[in-house]
Novice: 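Please see the structure below; I have some questions.
Order of appearance sets the numbers: ligands from 1, and atoms from 1 within every ligand.
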Amino acid sequence: MASSPYYLTTPIYYVNDRPHIGHAYTTLACDVLARFHRLDGRDVHFLTGTDEHGQKVEKSAMAADKNPQTFTDEVSQNFRKLAEDMNYSNDDFIRTTEERHRRAAQAIWKAIQDNGHIYLDSYAGWYSVRDEAFYAESELTKNEDGQKIAPTGAEVEWVEEPSYFFDLSKWQEPLLEFYEQNPDFIGPDSRRNEVVSFVKGGLKDLSISRTSFKWGIPVPDDTDHIMYVWLDALTNYLTAVGYPDTENPDYSKFWPADLHMVGKDIVRFHAVYWPAFLMAAGLPTPKRVYAHGWLLNKGEKMSKSLGNVVLPEDLVSQYGLDPVRYYLLREVPFGNDGYISHETMVARINSDLANDIGNLAQRSLSMVAKNCDGAVPTPGPFSEADESLLNAARDVLDSARDEFNKQAFHRGLEAIWNVVGDANRYVDAQAPWELRKTDPERMATVLYVLAETIRHLGILIQPIMPDAAAQMLDQLAIDEDARTFAHLGPNHALTAGSPLPKPAPVFPRYVDEDAAS
Ligand code: MSP
């Protein structure tokens with residue numbers, strides 16, 4: 001049976017910057033979903049990459065005294081490196097300066113134009129280079145220096161130039177109907193409500209070409225113009241599956257995308273402009289856009305301009321990769337803004353990881369090593385308590401899947417950690433160290449139930465902590481090809497008597513150097 005496709009994307013990153021933990025966060029969420037769906041038997045295509053055109057990147061290149069191509073070649077590498085550092089399992093890494101993308105962007109332009117939705121006029125209004133967005137006078141306020149600023153806080157400048165327009169105003173009703181018919185198109189609900197009221201407020205035609213600079217994709221048949229960077233950038237999601245070749249097997253398999261993951265600042269581009277462009281081009285619309293919140297540092301959105309960025313490589317070298325991956329998706333309810341701090345990081349590492357799951361695995365597997373000849377113990381009949389723990393471990397996939405499908409990572413993890421809690425309570429109640437003296441057969445059963453529970457936990461935490469999970473599963477001598485969600489449940493249970501390697505702790509405690517000295 002062919003497995004069902006699942007296409008998910010991150011926003012492509014502006015290459016004016018070094019990646020910070022806010023960037024890493026969006027892609028991490030996608031990586032966890034990609035790994036989850038692969039383990040769940042789906043045919044996943046996970047895309048990330050870099051957004052390399054536009055005035056913002058051109059200005060950064062000029063500031064670095066480089067030509068934009070050399071500059072983007074270099075900075076794009078930082079994002080490839082981020083993917084390696086964070087252990088992302090992306091299937092593709094797209095750059096909007098690639099030839100495949102120029103073809104796709106020009107093709108969607110032609111399709112929209114051929115359908116009569118583009119006209120030539122001139123733009124006179126406000127533009128923010130930082131946001132690469134046009135703003136109406138009514139949206140602007142003033143900063144302390146009396147300069148006009150966008151709602152995002154970005155400075156704006158007055159632009160007057162010939163421009164092609166997209167007839168966005170005509171898409172108000174079709175969009176509202178589309179949101180109505182596809183209630184899951186935008187998540188979370190708060191963002192959906194925001195988008196719906198924005199569209200109900202009326203839409204203006206959108207300027208989609210620029211003439212005052214050159215760093216972009218030329219408009220087909222009018223090379224005085226380059227395409228507006230957001231129309232260019234959004235099209236990357238189509239490029240990566242082979243568009244404009246709609247006969248391409250990847251296109252037929254993966255388009256429309258299952259999920260565009262974005263930060264809340266760019267929801268309007270993804271949930272309003274993008275479906276309108278696609279409808280205008282006669283192409284199918286994506287199934288879902290999910291907008292997560294901000295990672296805050298000292299109360300403010302982390303960003304280069306505020307000088308408060310946390311670098312992923314610093315966090316990883318201080319706390320370890322898998323703990324950072326776990327922390328980011330467990331600590332902040334996905335969808336909300338949230339703080340990250342050293343204190344909460346250490347608390348999660350020491351309690352959820354070292355104490356809860358780490359200790360469970362270490363004490364159980366050490367007892368197996370010492371008391372069961374280093375092999376999977378042979379269980380006797382299961383008691384009610386045994387069955388209840390095994391069932392909890394077997395059933396948790398359904399709740400984790402429901403939560404992950406809603407992008408509620410924190411709740412999916414909580415469900416898995418409820419099983420960890422059940423298992424720790426089970427060890428305390430069964431006290432296998434006592435049984436060793438009083439009832440060795442019962443001890444073997446208890447240790448078997450624990451090993452089998454740990455096997456389930458190891459399989460389930462792979463999407464979030466791939467390396468730590470692999471170590472746990474190695475300690476149970478589970479074959480590499482027996483680690484998918486299809487291997488959960490009694491049919492693939494551990495075989496009594498199979499030899500096990502010597503256990504070693506997987507989740508060390510974090511000890512503050514100050515406290516230790
Ligand atoms: N290039 C556009 C996206 C084009 S998609 C067709 C862009 N790039 S970005 O580099 O500025 O941002 C990429 C992603 O990082 C966005 O989803 C943004 O919301 C996210 N984040 C940037 N700073 C963030 C935090 N401090 N916290 C969480 N996410 C943040 O926008």
Novice: Hey, is E155 close enough to K148 for a salt bridge, meaning N to O under 4.0 Å?
Specialist: no
Novice: Please confirm whether Y135 and Y127 have ring centers closer than 6.0 angstrom.
Specialist: no
Novice: Charged N to carboxylate O under 4.0 angstrom, R268 versus D131?
Specialist: no
Novice: Starting from the N and O atoms of ligand 1, collect every protein N/O partner closer than 3.5 Å and put each pair on its own line with the distance to 0.1 Å.
Specialist:
residue: ligand 1; atom: 1 (N); partner: I12; partner atom: O; Å: 2.8
residue: ligand 1; atom: 1 (N); partner: D51; partner atom: OD2; Å: 2.7
residue: ligand 1; atom: 10 (O); partner: Y14; partner atom: N; Å: 3.3
residue: ligand 1; atom: 17 (O); partner: G263; partner atom: N; Å: 2.8
residue: ligand 1; atom: 19 (O); partner: D265; partner atom: OD1; Å: 2.6
residue: ligand 1; atom: 26 (N); partner: L295; partner atom: O; Å: 3.3
residue: ligand 1; atom: 26 (N); partner: M302; partner atom: N; Å: 3.4
residue: ligand 1; atom: 26 (N); partner: M302; partner atom: O; Å: 3.2
residue: ligand 1; atom: 27 (N); partner: L295; partner atom: N; Å: 2.9
residue: ligand 1; atom: 29 (N); partner: G22; partner atom: O; Å: 3.4

Novice: Looking at K264 and D337, is there a salt bridge between them, counting it only when a charged N and a carboxylate O are closer than 4.0 Å?
Specialist: yes
Novice: Only one of H53, R102, Q106 passes side chain to side chain donor-acceptor pair (under 3.5 Å) with D232; say which it is.
Specialist: H53
Novice: Would you please indicate yes or no on a ring centroid separation below 6.0 angstrom for H20 and Y25?
Specialist: no
